[in-house]
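Here's the structure we're looking at; comments come further down.
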Amino acid sequence: MANQVGLAINMHSWYSNNVRKIIQFHKLALFIIFGVCGGFFTYVFSKLLLVKPDGVYIGQPNAWSDWVVHISITNIFAKKPVSEWFLYHPFFAYGKLTYGFLVHLITAFFMRIGLSLPGAFFVVSVLLLFCFLVGLYFLYFQLSNSRRESVLGIFIFFTSSGIGFFRFWKHLSWNEILAPVQDYSRFLEYDWLAGNIPAAMLIPQRAFFIGVTIGVWVLAILLWSLQKKTSQRTAKKLLLTAGFLAGILPIAHMHSFITIVIVTGCMCWFNRSKFQLLFRYFVTPAAMLSILLYITFVHGGIEIDNFMTLSLGWTVPKTGFVLADFFAWIFMWLKLWGAFLPAVLFAFWLFRKEIIKQKVFSFYCGFLVVFLLANVLIFQPTRWDNTKLFAWVYLGLSILVAKLILKLWNSHVTHKILTGILVFLLSTTGLVELFRIANFTQNTHLLSTTSEIALATSIAERTDTEAVFLTSTIHNHPIPLWANRPIFLGYLGWVRNFGFDHTLRDKQVYLVFSGSSQANQILKENKISYIFVGPKERGTLVINSQYLQQFPVAFQNEDTVVYDTRALWQ
């Protein structure tokens, strides 16, 4: 017993000393990224979800759209018993909830222990932020073995974007410098809706945020186990940890899962000398867990046949001439990412011997495969969603650009000028975009009014948990947001992207609200319990009030009437 106690004390002392040494060695670099990136985005997250006397507001345009999904699913987990968590999809009644829900489950936990919705969203966002920063820093450090390059790589990633700043200079004025209004990183002709990754992904896409956070830790742990001379026992523990984290990605974020499968697959293939160890302790646990979660929560939820489609060159307009299309594709990426890809290719050639010596060639090859695959195969009906894969590629290759910048800076004086130009080209658009999203005066938008939330709360208290509501298809409808009830058909841009075929339901919504002869039959067949008629319905649909008045009024306020249609089918 005394020997066991002594061994435990020695192990604790060994771990404490090593952790202390690591912190001491990296403290300045971590202080910089925590102070700059951590401080800035903590401030941004503190302003994103605000409850005011007249309603709930969202402080960023992309989040104003996407956080409807996140709030709706989080409220299900926070307010309903476990047995009711996966009964339906909130935006497509009777559909399977296939959306990556891990971040919502974690947020709901904080709500269940007493935090408000804004408080829980803020806490989880900040926790993810600092976990992501630490994971990304140590991933970059293993790839570069340089604290300066690691910090610079994070800066390049966070200021990601293309050459949109040239449009900024065209509109240059003192007011535009102080408060940029336009998103200069957008290129709508390519379905490129936002170029800066934090603005487009980390802030509004909470599933992406947890997916990329888990993913960088998987890569960092796997790299550590492959590069460092650790004991067999330690290597097994590291690989099991990485395997578990990779295995839970199907319920966190599917695009991150795809990326990690490809990149770690390349890493394992190039390290076949350790095949047995990798297969037993990383590949097998990751595969078993991910398959189990996929079958349980995703399989069978996609209804449409053409969910994934081939599109050579991604969104570049096709002319039919191969050479012309190829140059158009090159030009597209020069616009979207500016000097980034040329810098990556040059850095890869310049540091090729070092990359091979450090055994990280497979890492970069994995991201090259992701980039090429995302330029050929569209993984969801909305072409824009491939940008989640491209964001991963930018993350994986930013450290190469950081190495190139510091190499140029430390050489001839003329190279310092080239370095300044390169940094300017890489980061100016991203900095303008980050400065723009921090201006909450112009970016804060009303999500739901107090009246809408009160009505939805009353509905939640007095209706069956699976009662289906017929509503308009606007994105921020109060029924899925605050009543936690499924709607027959939600926002069409999301529904198809979730894998549902909305063609028939889209027609049925208009037939019922217009009082068609088929309306009663539609209500019966789909077991629709309530018809919601508010300002949003009157503004987007043709309402036949005479037809609707045959049904009893279940709920009502100053501008909304909810009709009870259950008698038709119960």
Side-chain angles (χ1 to χ4, degrees), residues 41 45 62-63 66-67 69-70 73-74 77 97-109 121 124-139 154 157-158 160 194 196-222 241-265 286-287 289-294 296-298 301 363 366-367 369-371 373-374 379-380 382 384-398 494 497-499:
F41 286 101
F45 284 125
N62 293 333
D66 293 334
W67 276 27
V69 176
H70 304 313
I73 298 176
T74 298
F77 292 148
L97 181 57
T98 57
Y99 195 86
F101 61 83
L102 183 59
V103 69
H104 311 109
L105 191 62
I106 296 171
T107 308
F109 166 77
F121 267 62
V124 173
S125 295
V126 172
L127 287 175
L128 287 176
L129 171 64
F130 284 94
C131 286
F132 174 67
L133 289 173
V134 174
L136 185 59
Y137 171 77
F138 283 111
L139 173 63
I154 291 174
F157 173 74
F158 273 92
S160 57
N196 179 253
I197 295 171
M201 302 289 174
L202 297 185
I203 294 172
Q205 302 273 346
R206 289 171 63 78
F208 176 85
F209 201 1
I210 194 171
V212 77
T213 301
I214 293 172
V216 296
W217 278 102
V218 171
L219 296 174
I221 295 170
L222 187 58
T241 303
F244 170 77
L245 291 174
I248 64 174
L249 278 172
I251 63 170
H253 186 242
M254 191 56 68
H255 289 84
S256 294
F257 177 65
I258 293 168
T259 301
I260 293 302
V261 167
I262 294 171
V263 176
T264 59
L289 181 56
S290 62
I291 290 170
L292 175 64
L293 293 176
Y294 179 86
T296 304
F297 296 105
V298 181
F363 176 89
F367 281 104
V369 172
V370 174
F371 179 75
L373 188 61
F379 286 85
Q380 281 184 274
T382 301
W384 148 255
D385 278 310
N386 265 31
T387 55
K388 297 167 186 174
L389 296 171
F390 294 131
W392 259 109
V393 173
Y394 209 103
L395 180 150
L397 301 179
S398 288
W494 290 337
N497 222 33
F498 295 146

Inset, instruction - Please tell me if the side chains of L105 and I251 come closer than 4.5 Å, counting only heavy atoms from C-beta onward. - result: no
Inset, instruction - Could I get the full list of side-chain contact (heavy atoms from CB on, under 4.5 Å) partners for S290, not counting sequence neighbours? - result: P250, F257
Legend entry - Aromatic ring proximity F138/W217, centre distance under 6.0 Å: no
Inset, instruction - Could you tell me whether the side chain of F41 reaches within less than 4.5 Å of the side chain of L133, counting heavy atoms only? - result: no
Legend entry - Main-chain N/O of Q205 paired with D66 side-chain donor or acceptor, under 3.5 Å: no
Inset, instruction - Starting at CD1 of I73, measure out to CG of L97 and round the result to the nearest 0.5 Å. - result: 5.0 Å
Legend entry - L389 CG to T259 OG1 distance, which is reported to the nearest 0.5 Å: 4.5 Å
Inset, instruction - Check whether any side-chain heavy atom of V69 sits under 4.5 Å from a side-chain heavy atom of W494, and report yes or no. - result: yes
Inset, instruction - Check whether any side-chain heavy atom of I106 lies under 4.5 Å from a side-chain heavy atom of I210, and answer yes or no. - result: yes
Legend entry - ring pair (Phe, Tyr, Trp, His ring centres under 6.0 Å) partners of H253, counting only residues at least two apart: F208, H255
Inset, instruction - Give a yes or no on whether the backbone of D385 and the side-chain of Q380 come within a donor-acceptor separation of less than 3.5 Å. - result: no
Legend entry - T382 OG1 to N386 CG distance, which is reported to the nearest 0.5 Å: 10.5 Å
Inset, instruction - First locate atom CD1 of I262, then atom CZ of F367, and finally report the distance between them rounded to the nearest 0.5 Å. - result: 10.0 Å
Legend entry - Heavy-atom check, side chain of F297 versus side chain of T98, under 4.5 Å: no
Inset, instruction - Would you confirm whether T74, through its side chain, and A108, through its main-chain N or O, come within 3.5 Å as a donor-acceptor pair? - result: no
Inset, instruction - Look at the side chain of N62 and the backbone N and O of P204, then say whether any donor-acceptor pair between them is shorter than 3.5 Å. - result: no
Inset, instruction - Hey, can you tell me if F209 and F132 have their rings parallel, tilted or perpendicular (30° and 60° cut-offs)? - result: perpendicular
Inset, instruction - Taking the side chain as every heavy atom from C-beta outward, state whether M254 and L249 have any atom pair closer than 4.5 Å. - result: no
Legend entry - From CG (L245) to CG (L222), nearest 0.5 Å: 11.5 Å
Legend entry - Geometric class of the H70/W67 ring pair [parallel <30°, tilted 30-60°, perpendicular >60°]: perpendicular
Inset, instruction - Compare all side-chain heavy atoms of V212 with those of L202 and state whether any distance is below 4.5 angstrom. - result: yes
Inset, instruction - Take V134 and Y137 through the test side chain to side chain contact (heavy atoms under 4.5 Å, CB included) and record every step on the way to the result. - result: CA-CA 5 Å; V134 174; Y137 171 77; 5.9 Å; no
Legend entry - Ring centers of F45, F121 separated by less than 6.0 Å: no
Legend entry - Student check: side-chain heavy atoms of L139 and F363 closer than 4.5 Å: yes
